[in-house]
Structure formats: structure tokens, C-alpha cells
Amino acid sequence: MMKIYNTLTKKKEEFIPVNPPNVGIYVCGPTVYDYFHIGNARSFVMADIIQRYMRYKGYKVKFVMNLTDVDDKIIKKANEEGVDAKEIAERFSEAFFEDIEKLKVRRADVYPKATEHIAEIVDLIKKLEKKGIAYRTNGDVFYDVLKFDGYGKLSGKKLDELESGARVEVNEKKHNPLDFALWKSAKPDEPHWESPWGEGRPGWHIECSAMSMKHLGESFDIHAGGHDLIFPHHENEIAQSEGATGKPFVKYWIHFGFLNIRDEKMSKSLGNFFTAREILKKYPAETIRLLFSQTHYASPLNFSEELLNSVNKGLEKITNFYQTINGLINQTDESAGYPQFDVQKFYHAFEAAMDDDFNTPKAVAVIYDFIKEANKLISGEKNYSKNFYADILKFMDKTAEGVLGIVQKEKVSQSDTPEKVDELLDLLIKTRLEAKKSKNYQLADMIRDELNKLGYILQDTKDGTIIKRK
RNA sequence: GGCGGCGUAGCCAAGUGGUCUAAGGCGAAGGUCUGCAAAACCUUUAUUCGUCGGUUCGAAUCCGACCGCCGCCUCCA
């Protein structure tokens with residue numbers, strides 16, 4: 001049984017899809033005005049792990065991540081550079097896709113863009129207006145929060161408490177300070193579209209309501225995003241969607257904890273951020289994914305270079321193990337036996353961890369336990385059968401790589417090396433073994449050192465010499 | 001001011017009523033294997049879970065107070 005902590009109910013609940021085996025997941029994606037930072041990356045990677053695990057469990061997942069491509073920030077950036085807002089949006093959309101691919105984030109099934117859903121957005125606002133939940137002032141349309149009973153149910157806020165808060169925007173066009181814009185009238189030099197309320201552009205919150213319901217239906221399973229989106233963004237999405245349809249909008253709300261720097265939230269406005277691309281220049285994607293996996297998705301994660309380095313060491317252990325098994329599977333002879341080793345036990349432990357609200361730190365611990373137990377056998381006197389090594393690789397491929405994405409597959413030599421090179425490497429290894437036999441260690445070490453310079457690591461094991469890639 | 005969260009070893013981090021004399025990773029110390037490496041293995045590294053009280057046969061886990069830190073209430077993953 002899979003359990004998910006639901007922000008809406010503030011409880012861990014059994015996961016029962018609205019329409020099994022289908023699962024609809026919507027994650028708030030980027031506003032494409034700049035490169036995303038490593039804190040944003042955390043949300044993208046954790047959402048990726050969630051959808052990968054859902055697929056692992058056999059659910060038919062439809063994963064949707066929106067791109068906000070019309071927004072104040074984009075317009076501001078465009079004005080600063082003296083270019084079209086569209087150009088900014090396109091440039092950083094492209095960068096976004098490059099970066100998530102490097103992070104090994106599986107492609108979403110749909111990446112809806114706000115500018116391509118203006119018709120749906122307008123329809124939704126019309127519905128709200130018809131129901132008397134939205135009102136217009138000049139060319140703007142606002143949502144009337146007092147008209148929706150459930151307002152505040154996600155964030156646990158009460159209307160009167162919010163109103164007394166000191167930081168609510170004052171705007172005399174609004175009936176209530178908490179009312180938010182559904183449609184903004186066009187200002188000069190801003191992107192705009194035709195609408196029943198005149199030319200303008202959509203507010204931020206309405207985009208997500210319109211796009212998620214278009215691609216996943218009026219009621220769907222999971223909606224995820226950063227903790228900072230609970231209020232007002234997700235609260236407003238509920239108000240808009242349920243206000244318009246009268247149906248429950250989302251069954252499970254998942255929120256990701258922040259990535260902090262020295263205990264402070266990483267953010268563009270504080271300036272304490274690293275972009276994902278600059279971190280990716282120094283560390284492999286797997287290190288970043290392992291770092292995120294080692295903390296529960298909802299907890300804050302204090303980011304630092306030292307932490308990244310220590311996680312990188314942990315990754316080396318996983319990579320080494322995977323390389324070793326790939327080397328051994330080619331060395332062993334068919335006659336060797338299958339050891340006392342219960343792979344199934346590890347699958348169960350992995351699933352138990354992931355089923356419990358995606359407890360990735362525990363799942364990672366299972367992977368390490370698995371590696372330790374397998375290494376223990378390998379370091380013994382006996383040789384083992386190909387089946388044994390194949391089962392190990394299968395486990396690593398399905399769990400560590402398939403769900404968490406923390407195996408550096410490209411570092412396995414034979415998978416991407418042309419045959420000729422393999423044959424030449426074999427020849428060198430044989431030569432080196434001969435040299436070792438005649439105690440010509442100078443020659444043996446020279447071969448090893450020179451190959452090392454070319455990116456191949458030779459290691460002597462009881463079953464023979466294996467090759468790893470740097 | 002309102003609402004919410006967090007505090008576990010040198011560091012990161014699971015665990016949320018008995019299996020906890022607390023998982024896993026990094027680090028540190030010693031050992032094994034090896035021609036040397038590398039990798040790996042073995043042993044050690046929290047009788048204790050911010051502090052003080054309480055509930056209970058039993059608490060890191062529940063309750064209360066206090067201390068410290070953070071977030072949301074404005075755009076933000």
C-alpha cells in the first residue's frame with residue numbers, strides 16, 4: 001500500500017487514484033525568464049522520482065508540467081534587454097529543457113504553455129464570471145475570495161486573519177484586498193490577447209487551473225510544487241477550479257521542502273543561488289540526484305559544496321560497484337554457482353521505503369545495504385554464476401537507476417565502446433598479465449598507468465582484471 | 001500579529017509509543033586482501049535523540065513550558 005502525505009488533509013493517506021490504473025500528475029514548472037537554480041532543480045528531480053516510482057509500480061502515468069511563458073518577470077527582462085518577451089521565453093524554455101535533460105529528468109508527457117492556452121483560460125474566467133465569483137473592474141478581472149467557501153483550506157489560513165496581515169497588497173480596484181487577478185488589462189508594449197474584457201493577459205494562478213484541467217480532467221490525482229506555492233498559488237488554483245466546476249480539484253497535494261543556503265531559502269531575490277547548470281559543470285547529475293534523494297522531499301535541505309563533495313564520494317561507491325559487476329559478468333565462467341542471496345528481500349525493502357511517502361533516504365539506504373551484501377560475497381573466495389551478476393545489475397537498473405537515477409551507466413566500458421577497442425584492451429590486459437607472471441612489474445604498471453591516462457582503470461580481482469571507465 | 005515546520009553522532013540524514021543499547025552515507029582510527037595499486041571486506045566511532053517537566057509498565061517518538069532556527073502571509077520550486 002502506497003501512502004502519501006497530503007498537504008490538504010495534513011495526514012499521510014493511502015494512495016487511491018481517481019481512475020486507476022491511470023494517475024494524473026501536475027507539477028508547477030518554471031517561469032522561463034532565467035536559468036533555474038539548484039533549488040528549483042530539487043522540485044523537478046523529486047517530481048521526476050515520484051513519477052518514475054509510479055511507473056515502476058505499474059500505474060499509467062500522465063505527467064504534466066507547465067511553462068509560464070507570459071509573466072511580469074519575463075516582460076521586465078525583455079524590457080531590460082530591449083527584446084521581445086517572446087524571445088526571452090523561448091530562450092529560457094530551451095535552456096530549461098537542456099538542463100532537465102542533463103539532470104536525467106524524464107520528459108513530461110505534456111509541457112503546456114500559458115500562451116498556447118489563452119482560449120481555455122478565457123473560458124474558465126467566463127465560467128467564474130457567470131457564477132458571480134469573478135468581477136471586472138475596467139479591463140481587469142478579479143476573483144472574489146469571499147464567494148468561495150473553501151478559501152484557505154489548503155494553507156490553513158482564515159480570511160479574517162489574512163486580512164489583518166500587514167503585507168496584503170492595497171489596491172482600490174479590488175473588493176477585498178485578497179482578491180487576485182484572473183485577467184490583467186494590457187499595458188503598452190506588453191504581450192496581450194483579445195478577450196471579452198478587452199485586450200490583456202492572464203493572471204498567473206488561472207493558467208495552472210486551466211492547463212491542468214485541460215490535460216488531466218477536472219478532478220485528478222496529484223498536484224505538486226514547492227512549499228512556497230501553497231499560498232497563494234495553490235490555494236487560488238483550488239478556488240478557481242472548484243469554484244468553476246463544483247468538483248474536487250486535486251486529490252493529493254504534495255509540497256517540496258526548500259533547498260537552503262546557510263539555513264536560508266535559496267532564491268533569486270536573496271541572490272544566494274547557484275544555477276543548476278553551473279553545478280552540473282562540476283558534478284554529475286547522479287550526485288545531485290543522490291543528494292536530493294538522501295533527504296526526504298518535504299524537509300529542508302541545507303546545500304553546500306562540502307555536502308556535495310561528501311555525496312559525490314557516496315556516488316563513487318555506487319559507480320564502482322556497478323562497474324565491478326559489469327566487469328565480473330564478463331569474466332565468470334558458466335559453471336560457477338549461485339550464492340545464498342535473496343534479491344527479492346531488497347526489492348521488498350526498496351518498495352516498502354518508497355511506498356511510505358516516497359522515503360528516498362530509506363530507499364537509498366536499501367541500495368547501500370544491497371551493495372554491501374553483494375560486495376561481501378564478491379570479496380570471498382568463490383566465483384559466482386552469470387545469473388547472479390545479472391540479477392544484481394537488474395536490481396540496480398530497476399531501483400537505483402530506474403527510480404532514483406543515481407547510476408552512472410555511461411561509465412560501464414563495454415556498453416558504448418566499439419568492438420575493436422575492446423579487443424585491443426583485451427590484448428593489453430593479456431600482455432600485462434604476462435608481464436606480471438614474469439614479475440616484470442615495471443611493464444605491468446606502465447600499461448596500467450598509460451591506460452589510466454586514456455580514461456581506463458584496470459583493477460585486479462580474483463576472477464581476473466576488470467576495466468572501469470573514469 | 002496570524003499560520004506552519006524544524007532541532008537525532010564531527011558533518012549529512014532515516015526513524016514518530018516496545019524489534020532503538022537509534023538505519024544509511026561522508027569523515028576519522030585500526031586491521032585483512034594485494035608485487036604495488038585500486039576496489040572491497042572486517043572492527044571501532046550516539047546507553048542517547050535542544051532543555052526542563054509530565055503521561056505511560058515503557059518515549060527520540062505523546063502532552064506542556066522554555067530555548068534556538070526556518071518558512072508562508074508580496075513574486076518565488
Side-chain angles (χ1 to χ4, degrees), chain A residues 7 10 27-31 33 36-47 71-73 76 152 155-158 160-169 178 204 224-233 235 255-260 263-270 290-291 293-296 298-304 306-318 320-321 323-324 327 349 353 356 359-369 371-372 374-381 436 439-442 444-445 448-449 452 457-462 465-466 468:
Chain A
T7 309
K10 295 182 176 54
V27 180
C28 290
T31 298
Y33 73 103
F36 65 83
H37 61 62
I38 195 75
N40 302 320
R42 185 184 185 195
S43 290
F44 302 148
V45 168
M46 292 322 288
D71 170 87
D72 290 346
K73 284 181 179 165
K76 189 177 163 225
S155 57
K157 297 186 187 300
K158 304 223 165 29
D160 46 346
E161 285 162 358
L162 279 167
E163 283 174 57
S164 61
R167 290 155 77 182
V168 188
E169 182 194 350
L178 291 166
W204 176 45
H227 225 260
D228 46 4
L229 296 183
I230 294 173
F231 192 90
H233 187 237
E235 192 70 65
H255 289 98
F256 305 119
F258 296 132
L259 186 133
N260 296 333
D263 290 319
E264 273 192 330
K265 178 184 170 184
M266 178 181 285
S267 71
K268 291 269 165 61
S269 45
L270 284 171
L290 181 58
L291 167 73
S293 298
Q294 280 181 335
T295 301
H296 185 78
S299 306
L301 193 168
N302 227 343
F303 182 85
S304 70
E306 299 92 286
L307 182 60
L308 214 37
N309 284 330
S310 97
V311 172
N312 211 30
K313 289 280 186 199
L315 178 72
E316 277 175 24
K317 187 180 230 171
I318 295 169
N320 260 318
F321 174 72
Q323 290 176 316
T324 299
D356 183 17
N359 192 331
T360 52
K362 218 181 207 173
V364 170
V366 172
I367 304 289
Y368 279 116
D369 284 341
I371 290 173
K372 186 151 205 158
N375 265 333
K376 206 177 283 190
L377 288 166
I378 291 160
S379 68
E381 288 303 307
K436 276 178 69 179
K439 300 223 195 291
N440 186 350
Y441 293 123
Q442 210 182 343
D445 288 353
R448 187 172 58 192
D449 291 348
N452 189 292
I457 301 163
L458 296 194
Q459 287 187 3
D460 298 330
T461 74
K462 64 179 189 302
T465 302
I466 61 173
K468 297 182 175 181

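Chain naming here is simple, since letters A, B, ... match the order of the sequence lines and numbering starts at 1 in each.
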Base-pairing string, 5' to 3', of RNA chain B - Watson-Crick or wobble, under 3.5 Å, | interstrand: ((((((((.[[[..)..(.....]]]((((((.......))))))....[[[[[..)....]]]]])))))))....
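- With sequence neighbours left out, the side chain to side chain contact (heavy atoms under 4.5 Å, CB included) criterion links A/A444 to A/R432, A/A435, A/K436.
- What separates NZ of A/K10 from C1' of B/C3 is a distance of 9 Å, to the nearest Å.
- Among the atoms of the strands shown, base atoms are found under 4.0 Å from some heavy atom of A/L259.
- Residue contacts shown for A/S299 are limited to sugar-phosphate atoms, with no base heavy atom under 4.0 Å away.
- Here the nucleotide nearest the side chain of A/K157, chosen from B/G35, B/A14, B/C72, is B/C72.
- Look at the P atom in both B/A13 and B/G18: the space between them is 24 Å, to the nearest Å.
- Contacts of A/M266 with the nucleic acid, taken as non-hydrogen atoms under 4.0 Å apart, include base atoms.
- Distance check on atom P: B/U8 versus B/C33 gives 40 Å, rounded to whole Å.
- Atom NZ of A/K158 and atom C1' of B/G4 are 12 Å apart (whole Å).
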Scan nucleotides 16-34 of chain B nucleotide by nucleotide, 5' to 3', and note B when protein non-hydrogen atoms come under 4.0 Å of the base, S if they reach only the sugar-phosphate, - if neither. -------BSSSS-------
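- Here, B/G50 and B/G10 have their P atoms 14 Å apart, quoted to the whole Å.
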Taking N or O atoms only and anything under 3.5 Å, show me the protein contacts with nucleotides 43-45 of chain B, one pair per line.
none

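- B/A38 sits 49 Å from B/G68 when the P atoms are compared, rounded to a whole Å.
- For the pair A/R448 and A/D445, the salt-bridge criterion is met [side-chain N within less than 4.0 Å of a carboxylate O].
- Within 4.0 Å (heavy atoms only), A/S379 reaches sugar-phosphate atoms of the nucleic acid but no base atom.
- Of the C1' atoms belonging to B/C57 and B/G64, the separation is 22 Å, rounded to the nearest Å.
- A sub-4.0 Å separation between OP1 or OP2 of B/A14 and a side-chain N or O of A/N359 is absent.
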Between the protein and nucleotides 66-70 of chain B, which nitrogen or oxygen pairs are less than 3.5 angstrom apart?
{"residue": "B/C70", "atom": "O3'", "partner": "A/D263", "partner atom": "O", "Å": "3.4"}

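- Residue side chain A/R448 reaches the base of B/A37 through a donor-acceptor N/O pair under 3.5 Å, judged by distance alone.
- Of the side-chain N and O atoms in A/K468, none sit less than 4.0 angstrom from OP1 or OP2 of B/A38.
- The side chain to side chain contact (heavy atoms under 4.5 Å, CB included) test applied to A/P300 returns A/N260, not counting sequence neighbours.
- Looking at heavy-atom distances under 4.0 Å, A/H255 makes no contact with the nucleic acid at all.
- As judged by a 4.0 angstrom heavy-atom cut-off over every strand, A/L301 is placed among residues making no nucleic acid contact.
- Side-chain proximity of A/P232 to B/G35, B/C75, B/A39: nearest is B/C75.
- Each of B/A40, B/C42, B/C72 was ranked by its minimum atom distance to the side chain of A/K376; first place goes to B/C42.
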